[in-house]
Undergrad: 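Quick one: structure below, then a few questions.
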Amino acid sequence: MSTQSTHPPKPEAPHLPPAISSCQRRHTLPASEFRCLTPEDAVSAFEIEREAFISVLGVCPLYLDEIRHFLTLCPELSLGWFEEGCLVAFIIGSLWDKDRLMQESLTMHRPGGHIAHLHVLAVHCAFRQQGRGPILLWRYLHHLGSQPAVHRAALMCEDALVPFYERFGFHAMGPCAITVGSLSFTELHCSLQGHPFLRRNSGC
């Protein structure tokens, strides 16, 4: 809920949550930055992911060792959003070489593949409900589109999230072959060739 006043209070300096404000601030750090992740970002990424997924699904898409694994093998298929040098949202992907996702695609990176498998998109709890997820995904698709070897993006999600991804050009392919415990998912694909988001000039 938002309210307006004819006499708005003086703006206060933004306060970062404890997990974010604990990062050392430097005047040389940009206020907002997008870059590929490195293995050194793995712990921060896992902390965000664990808080976002464990309470909802009871499992994480990637655990710490798996995050380190992918950020070592294919950091160019990741993208992080940093505020004052601290990670607040991220996407991690890897390459896959089959038409559809399989159980092995959860942990494998196939360098000869042309499909970017998006393993996880997560936003720090203090930065949710601000439209950061859509902005990050939009930038990530642009990032993938700049890599000639990547022709398509693929992911799996719960049915309730299908409309969100369809806004970005993803199309449901049917039930995903991957299951996690009792959880089942829908598989979605997005062609990066001629994608409208890749042609649109945005101020994001």
Side-chain angles (χ1 to χ4, degrees), residues 36-37 39 41-80 89-125 128 133-134 136-141 143-145 147 149-193 195 197:
C36 294
L37 301 177
D41 298 311
V43 172
S44 296
F46 181 60
E47 289 175 352
I48 294 172
E49 183 194 20
R50 180 174 55 185
E51 187 280 329
F53 286 92
I54 288 292
S55 61
V56 178
L57 299 178
V59 295
C60 284
L62 297 175
Y63 286 90
L64 183 56
D65 288 346
E66 295 166 333
I67 292 174
R68 288 195 176 111
H69 172 72
F70 287 123
L71 295 185
T72 299
L73 292 179
C74 49
E76 71 280 1
L77 295 173
S78 69
L79 188 65
F90 69 92
I91 295 175
I92 293 175
S94 65
L95 286 180
W96 184 240
D97 59 355
K98 307 294 183 185
D99 288 336
R100 296 291 296 269
L101 298 177
M102 303 168 61
Q103 205 74 29
E104 307 93 270
S105 61
L106 291 179
T107 56
M108 298 190 69
H109 168 62
R110 297 282 179 81
H114 297 291
I115 297 177
H117 174 200
L118 281 64
H119 292 275
V120 57
L121 186 165
V123 179
H124 190 284
C125 59
R128 292 178 198 148
L136 180 61
L137 180 56
W138 186 90
R139 283 182 172 264
Y140 185 75
L141 291 175
H143 176 64
L144 292 180
Q147 301 183 43
V150 182
H151 301 164
R152 204 181 344 158
L155 58 84
M156 63 184 200
C157 70
E158 296 178 284
D159 290 347
L161 290 174
V162 170
F164 170 79
Y165 288 106
E166 287 179 334
R167 291 163 46 193
F168 296 86
F170 284 86
H171 300 281
M173 306 295 289
C176 186
I178 298 171
T179 58
V180 179
S182 61
L183 300 173
S184 59
F185 306 92
T186 296
E187 183 170 338
L188 296 97
H189 287 204
C190 174
S191 174
L192 298 174
Q193 298 175 338
H195 194 292
F197 280 88

Undergrad: Which residues pass the ring pair (Phe, Tyr, Trp, His ring centres under 6.0 Å) test with Tyr165, not counting sequence neighbours?
TA: Phe170
Undergrad: How long is the gap from CD on Glu66 to CG on Leu106, to the nearest 0.5 Å?
TA: 8.0 Å
Undergrad: What distance separates Ile48 CD1 from Cys60 SG, expressed to the nearest 0.5 Å?
TA: 12.0 Å
Undergrad: CD/Glu166 to CG/Leu188 distance, rounded to the nearest 0.5 angstrom?
TA: 6.5 Å
Undergrad: Applying side chain to side chain contact (heavy atoms under 4.5 Å, CB included), name anything that partners Leu183, two or more places apart in sequence or on another chain.
TA: Leu57, Val59, Phe185
Undergrad: Just jot down the ring pair (Phe, Tyr, Trp, His ring centres under 6.0 Å) partners of Phe164, sequence neighbours excluded, or say none.
TA: Phe168
Undergrad: To the nearest 0.5 angstrom, please state how far the CG atom of Asp159 sits from the OG atom of Ser184.
TA: 7.0 Å
Undergrad: Taking the side chain as everything from C-beta on, heavy atoms only, tell me whether Arg152 gets closer than 4.5 Å to Asp99.
TA: yes
Undergrad: Of all heavy-atom pairs between Phe90 and Glu49, which one has the smallest distance, and what is that distance?
TA: CZ-CB, 4.0 Å
Undergrad: Looking at every non-hydrogen atom in both residues, tell me the closest pair between His114 and Ala149 and how far apart they are.
TA: ND1-O, 2.7 Å
Undergrad: Go through the structure and list residues passing salt bridge (charged side-chain N to carboxylate O under 4.0 Å, His left out) with Arg50, not counting sequence neighbours.
TA: none
Undergrad: Which atom names give the shortest non-hydrogen contact between Leu101 and Ala177, and what distance separates them?
TA: O-CB, 3.9 Å
Undergrad: Could you walk me through whether Leu137 and Leu118 pass the side-chain contact (heavy atoms from CB on, under 4.5 Å) test, one step at a time?
TA: CA-CA 10 Å; Leu137 180 56; Leu118 281 64; 4.0 Å; yes
Undergrad: I would like to know whether Leu77 and Gln147 meet side-chain contact (heavy atoms from CB on, under 4.5 Å); could you show each step before the answer?
TA: CA-CA 9 Å; Leu77 295 173; Gln147 301 183 43; 3.7 Å; yes
Undergrad: Decide side-chain contact (heavy atoms from CB on, under 4.5 Å) for Arg68 and Phe46; before the verdict, give the C-alpha distance in whole Å, the side-chain angles of both, and the deciding distance to 0.1 Å.
TA: CA-CA 10 Å; Arg68 288 195 176 111; Phe46 181 60; over 6 Å; no
Undergrad: If you measure from CD1 on Ile91 to NE2 on His143, what distance do you get to the nearest 0.5 Å?
TA: 10.0 Å
Undergrad: Got a sec, which residues hit salt bridge (charged side-chain N to carboxylate O under 4.0 Å, His left out) with Glu187, two or more places apart in sequence or on another chain?
TA: Arg100
Undergrad: Just verifying a value: how many Å separate Leu37 CG and Leu71 CG, rounded to the nearest 0.5 Å?
TA: 5.5 Å
Undergrad: What closest approach, in Å, do Leu121 and Phe53 show between heavy atoms, and which atom pair accounts for it?
TA: O-CZ, 3.8 Å
Undergrad: If you look at every heavy atom in Cys36 and Pro75, which pair is closest and at what distance?
TA: CB-O, 3.4 Å
Undergrad: Hey, is the main chain of Ala154 close enough, under 3.5 Å, to the side chain of His117 for a donor-acceptor pair?
TA: no
Undergrad: What residues form a side chain to side chain contact (heavy atoms under 4.5 Å, CB included) with His69, not counting sequence neighbours?
TA: Leu73
Undergrad: Indicate the atoms forming the closest heavy-atom contact of Arg128 with Ala52, along with that distance.
TA: NH2-CB, 3.3 Å
